[in-house]
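Naming: A, B, ... by sequence-line order, numbering from 1 per chain.
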There are 2 protein chains.
Amino acid sequence: MPTREDTELLTVRIAELYYDENKTQDEIGALLGVTRWKVGRLLTQARERGIVRIEIVHPRARRLGVERELKERFHLVDAVVVPMGDDTKARVATAAADYLTALRPVPRTLGISWGRTLDDVADRLPNGWARGTTVVQINGGVSLNQRPGTAATTAARIAHKAGGEAVLLPSPAILERLETRLAIEADRTVAGVLELAASASVYLYSAGVADGSSVLIDSGYLTPDDVTELVRKGAVGDVLGRYIDANGNPADPGLDERTVGLELDRLRRADAAILVVSGEAKIPVTRAVVTNGLCNVLVTDENTARTLLEERALMEEL
Amino acid sequence: MPTREDTELLTVRIAELYYDENKTQDEIGALLGVTRWKVGRLLTQARERGIVRIEIVHPRARRLGVERELKERFHLVDAVVVPMGDDTKARVATAAADYLTALRPVPRTLGISWGRTLDDVADRLPNGWARGTTVVQINGGVSLNQRPGTAATTAARIAHKAGGEAVLLPSPAILERLETRLAIEADRTVAGVLELAASASVYLYSAGVADGSSVLIDSGYLTPDDVTELVRKGAVGDVLGRYIDANGNPADPGLDERTVGLELDRLRRADAAILVVSGEAKIPVTRAVVTNGLCNVLVTDENTARTLLEERALMEEL
DNA sequence: AACAGAAGTGCTCATATGAGCAGAATCGGT
DNA sequence: ACCGATTCTGCTCATATGAGCACTTCTGTT
């Protein structure tokens, strides 16, 4: 009787002849003394069982299978997953730019956050990616930043490449007192921008990690101690400058009320709320965003995607 | 006009849909707005240009392409090349065992050398690999070895698994004086074995490196100094206990005349002279054997094979 | 501007291949 | 040892695919 071992060896030989030598299944059958149907079946098995591995090696390759799983498990409209590489972050940014360029209908108004990731995406958008799209900032700026103007230039660049207008949010990200926030939001300019932001159909944003590396610390809005305290309260990271816990709720409601920018709830009703994230550290925030409907399109790397899916799979086993 | 970049991206998308999503070329064409013929052509390109990489992942996988090149360049009857892995040596041994098992016609008499490699091959031969094949040792034994009997047991094991008889060569590998060698070869038993060895149709042997690691040093036939001297004379390694230079000639004719065993020339006229080698260190001997017709079947690892081919390619560029 | 050669395109047609199915072989439990 | 259930096998047939071929479109040269 043919043992498991034998069949496997036969399968390997068949795979070699088929994929390396471009022989036809018929020829292989004749050569190895099996029917061509068996050859076909063993080839299917070989692919299924991973003996034959077909890989697409390209910086712009995607992981369609993982994307499908993500969409299904997290009820997303779309997902873009790029394979890992030494330039993973760049690949994710390129993928986001590609996605935005291909997005139909082309958004009349696009709301964006700011940060390193968004900057990378702006870099990679081609000129003419849209025709006359208005780009509006959806969370408070970084006037205190060492690299002044980054937030503003990101929006300006994206708008410029679309042949459209950039609308900046002339406000700090976080204010010291609730009253100040209310006052500044009452200001006609700021109110107008926020209104425009709320009217956008598409949002593109990233997320920050709740640790010492936060841009909000760099920018002087928070101290490292503030962040430690936030983490103690359950914060996993920030979206649009707002720190959320694993359930997608503000980790510190008091702080949240002093934060200027789009309400997170608005994201749930957007045509496209596109979260762009990459890197091991951001997995917890990403999970929070994705499990709580704070985005409906996720652009990320394979590692992040798979981690999210694994955890979810484990949970379902209970 | 479509730029190179565009086409490449299109190719990647097509490859993903075809290989990851099992869509038909027709469907892909419709989906991406190109004719199905273009889809087919781009897929061919993708394979050629390495964007799509198809790999057979299995310890018993082989490298048929490299094998073909080896056969052609070195005028071999056959070549077996296994992919690298953490168990490369084991793979090569298994491949040699497979080859021997599949060899037709089944040899009535098989001549073998001894050593670690041959031992590994013996281990991996299945019971009943042949029916009644006589296994004869073709070079002097290792009576002085710390692990006594290895050489004898190798032959015995191979013979046993074939349901045949083992014939051992009861002689030291190297003698101190030419006269002694002549005397021992004149002895009826030894002469008989050598005659039988010369009558074999198939030979299976490995090769040794000319350095301190040589089994002939371990066995006490040579001192490290002897080997250093041999290297000075151009020795690259030994085959059947005989040290050869890059041209396949005895590195030290005097020594060669004191070595007991089959003449290397006999290998050139064998139906199958199967060399089994693995490992970076053995590349020089392998090259010597292979370029000088001292084997007509080579069983080795991918690294060795590719190195031999590259060198050859370089030479041809001149 | 004209043109030869190369590269690319859409097509026909022969062939390779997978889906689906009925019968054979094998398995596992009593 | 029996029989029901599953797996395996060889097949038909519809479909997917690559080779080959005119024809078009570039490209670079005079």
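Taking atom NZ of residue B:K38 and atom C1' of nucleotide C:dC11, one finds them 15 Å apart after rounding to whole Å. What separates CD of A:E48 from P of C:dG18 is a distance of 12 Å, to the nearest Å. Whole-Å rounding puts the B:D26 CG to C:dG18 P distance at 16 Å. In this structure, CG of A:L43 is placed 15 Å from P of C:dA16, rounded to the nearest angstrom. Going from atom CZ of A:R36 over to atom C1' of D:dT12 covers 10 Å, rounded to whole Å. Rounded to whole Å, the distance from CG on B:L10 to C1' on C:dG8 is 14 Å. For the pair A:N22 CG and D:dT17 P, the interatomic distance rounds to 16 Å; values are reported in whole Å. Rounding to whole angstrom units, CD of residue B:E27 and C1' of D:dT17 are separated by 14 Å.
Of the possible donor and acceptor atoms, one in the side chain of B:K161 sits under 3.5 Å from a partner among the backbone N and O of B:D123. A distance-only check finds a donor-acceptor pair linking the side chain of A:E16 to the backbone of B:R62 [under 3.5 Å]. In this structure, B:W129 contributes its side chain and B:R124 its backbone to no donor-acceptor pair below 3.5 Å. Within the 3.5 Å criterion, the main-chain N or O of A:R268 finds no donor-acceptor partner in the side chain of A:N296. In terms of modelled atom types and a separation under 3.5 Å, the side chain of B:R91 and the main chain of B:D301 share no donor-acceptor contact. For B:E67 (side chain) and B:V81 (main-chain N/O), a donor-acceptor pair under 3.5 Å exists by modelled atom type.
Taken from CG in A:D119 to OG in A:S206, the straight-line distance is 11.5 Å, to the nearest 0.5 Å.
The shortest distance between the side-chain N/O atoms of A:T35 and the OP1/OP2 oxygens of D:dT9 is not below 4.0 Å. Between C:dT17 and A:Y18, a contact under 4.0 Å exists linking OP1 or OP2 to a side-chain N or O. Applying the 4.0 Å criterion to OP1 and OP2 of D:dT15, one finds that B:Q25 has every side-chain N and O outside that range. Regarding contacts with the backbone of C:dT17, a side-chain N or O of A:T24 is found under 4.0 angstrom from either OP1 or OP2.
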Strictly under 3.5 Å: I want the nitrogen or oxygen pairs between protein and nucleotides 20-27 of chain C, one per line.
from	atom 1	to	atom 2	distance (Å)
C:dG20	O6	A:R41	NH2	3.3

Output a table of nitrogen or oxygen pairs between the protein and nucleotides 25-27 of chain D separated by less than 3.5 Å.
none

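Between A:T88 and A:E302 the shortest side-chain heavy-atom distance does not fall below 4.5 Å.
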Got a list of side-chain donor-acceptor pairs under 3.5 Å for residues 39-48 of chain A, not counting sequence neighbours?
from	atom 1	to	atom 2	distance (Å)
A:T44	OG1	A:G40	O	3.0
A:Q45	OE1	A:R49	NH1	3.2
A:R47	NE	A:Y19	OH	2.9

